[in-house]
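Accompanying notes for the structure given below.
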2 protein chains.
Amino acid sequence: MIPRIMSRTPPHPTREQIELPLVLDCLSDPIRLAIVYQLAQQERVSSELCCGDFNGLAGKSNLTYHFAKLRDCGLMQTRVAGTNRFMRLRREDLDARFPGLLDAVLKSAAKDADRLQLVAECDVVEAD
Amino acid sequence: MIPRIMSRTPPHPTREQIELPLVLDCLSDPIRLAIVYQLAQQERVSSELCCGDFNGLAGKSNLTYHFAKLRDCGLMQTRVAGTNRFMRLRREDLDARFPGLLDAVLKSAAKDADRLQLVAECDVVEAD
DNA sequence: CCCTATGTTCAATGTTTATTGAACTATCGA
DNA sequence: TCGATAGTTCAATAAACATTGAACATAGGG
């Protein structure tokens, strides 16, 4: 049996490798849009969140799947710390690559927060 | 045998029915993004294009499929005129619903025009 | 050192998607 | 009225996608 390695930082695309269609496709999924939205709100505070902070959105293994997609398209970065993985938006890279895009999407999402069942700004607190 | 009707204007969503995830999903397909991009360039001129103007992008029946998706999500409008169907971007509705979004996507696409194999501004002329 | 918490991997599942080509509908002009 | 032109519909297909649960890996605390 080949042991599988899980403890290393997964690969991320470089800034230049970020592709518009992949980014848009990532953002088109309601769960991933909610993840990105939540990460964007966190930017004002500590800028990082860990997997468990999104448990309300889907099951654990399903979240892992969505995190991988968000990472692969360059929307977010994962940092491994002990048994936790901390994520943050790759805002600088996104803004450099596609100026105004992320903000336009986030503003649009905010406008439809109800419809999209997004967490309100003050709800972004850890659940017990 | 039930005769199928093809000559009536297909249904379009109202402005309020336009949904962010559907719009982003539509724009995430390279062929549809190219269609939208080309329609956006046409805005400066006659604002309308017909199906045949996109024949370079895919086969006819495949284009019909993509047009339907673009219509269903509210990105474009179809007007039936004789044996032609004229399309235009629903810019006003889009801008009202998600301010800045369409322009941000178009600007991002323009930046990657090469990578996305989009027609240059002056190339938007009918092929013989 | 074991137990628990955190998160990943993998295989299986059912759904949606994009793409074809062939058959069809509809309109226009000669 | 016939033929050409423009585009749609439908069925088939293969690929990609989202979701699940069970098994696993990893690190930290008693």
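In what follows, chains carry the letters A, B, and so on, assigned in the order in which the sequence lines appear, proteins first and then strands, with residues in each chain numbered from 1. Side chains included, hydrogens not; waters and symmetry mates left out as well; all remaining heavy atoms used.
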Rounded to whole Å, CG of A:Asn55 lies from P of D:dT20 at a distance of 13 Å
Side-chain contact test, heavy atoms from C-beta onward, threshold under 4.5 Å: evaluate it for A:Cys51 versus A:Met87 and give yes or no. yes
For a quick test of reading the model: is some side-chain N or O of A:Asn84 closer than 4.0 Å to OP1 or OP2 of D:dA27? no
Using a heavy-atom cut-off of under 4.0 Å over every strand shown, decide if A:Arg32 touches base, sugar-phosphate, or nothing. sugar-phosphate
Is any side-chain heavy atom of A:Ile35 less than 4.5 Å from a side-chain heavy atom of A:Leu57? yes
Starting at CE of A:Met87 and ending at P of C:dT6, how long is that distance when rounded to a whole Å? 14 Å
Identify whether A:Leu70 and A:Ile31 are in the same connected component of the hydrophobic contact network (ILVMFWY, side-chain heavy atoms under 4.5 Å). yes
In this structure, how many angstroms lie between the P atom of C:dT27 and the CZ atom of B:Phe86, rounded? 14 Å
Separation of C:dA18 P from B:Leu33 CG (nearest whole Å): 13 Å
Can you sort out which residues in residues 56-72 of chain B have a heavy atom within less than 4.0 Å of DNA chain C? Ascending by number, please. B:Ser61, B:Asn62, B:Tyr65, B:His66, B:Lys69
Validation row: A:Leu39, A:Phe54 side chains within 4.5 angstrom (heavy atoms): yes
Using heavy-atom distances to pick each residue's nearest nucleotide on DNA chain D, tell me which of A:Ile31 and B:Met6 is more 5'. B:Met6
Heavy atoms only: give me the nearest A:Cys26-A:Lys69 pair and the separation to one decimal. SG-O, 3.3 Å
Tell me the interatomic distance from A:Leu24, atom CG, to C:dT17, atom C1', rounded to whole angstroms. 17 Å
Pick one: which of A:His12, A:Glu48, A:Arg91, A:Arg88 meets side chain to side chain donor-acceptor pair (under 3.5 Å) with A:Gln77? A:Arg88
Whole Å only: how far is the CD1 atom of A:Ile35 from the P atom of C:dG7? 13 Å
Relative orientation of the end axes in the helix from C:dC1-D:dG30 to C:dA30-D:dT1, expressed as an angle to the nearest 10° (five pairs per end): 10°
Rounding to an integer number of Å, can you tell me how far A:Arg85 CZ sits from C:dT9 C1'? 12 Å
Decide yes or no for A:Lys111 and B:Leu20: does some side-chain heavy atom of the first lie under 4.5 Å from some side-chain heavy atom of the second? no
With sequence neighbours excluded, residues passing salt bridge (Lys or Arg N to Asp or Glu O under 4.0 Å) with B:Arg90: B:Asp93
Is any side-chain heavy atom of A:Leu27 less than 4.5 Å from a side-chain heavy atom of A:Leu75? yes
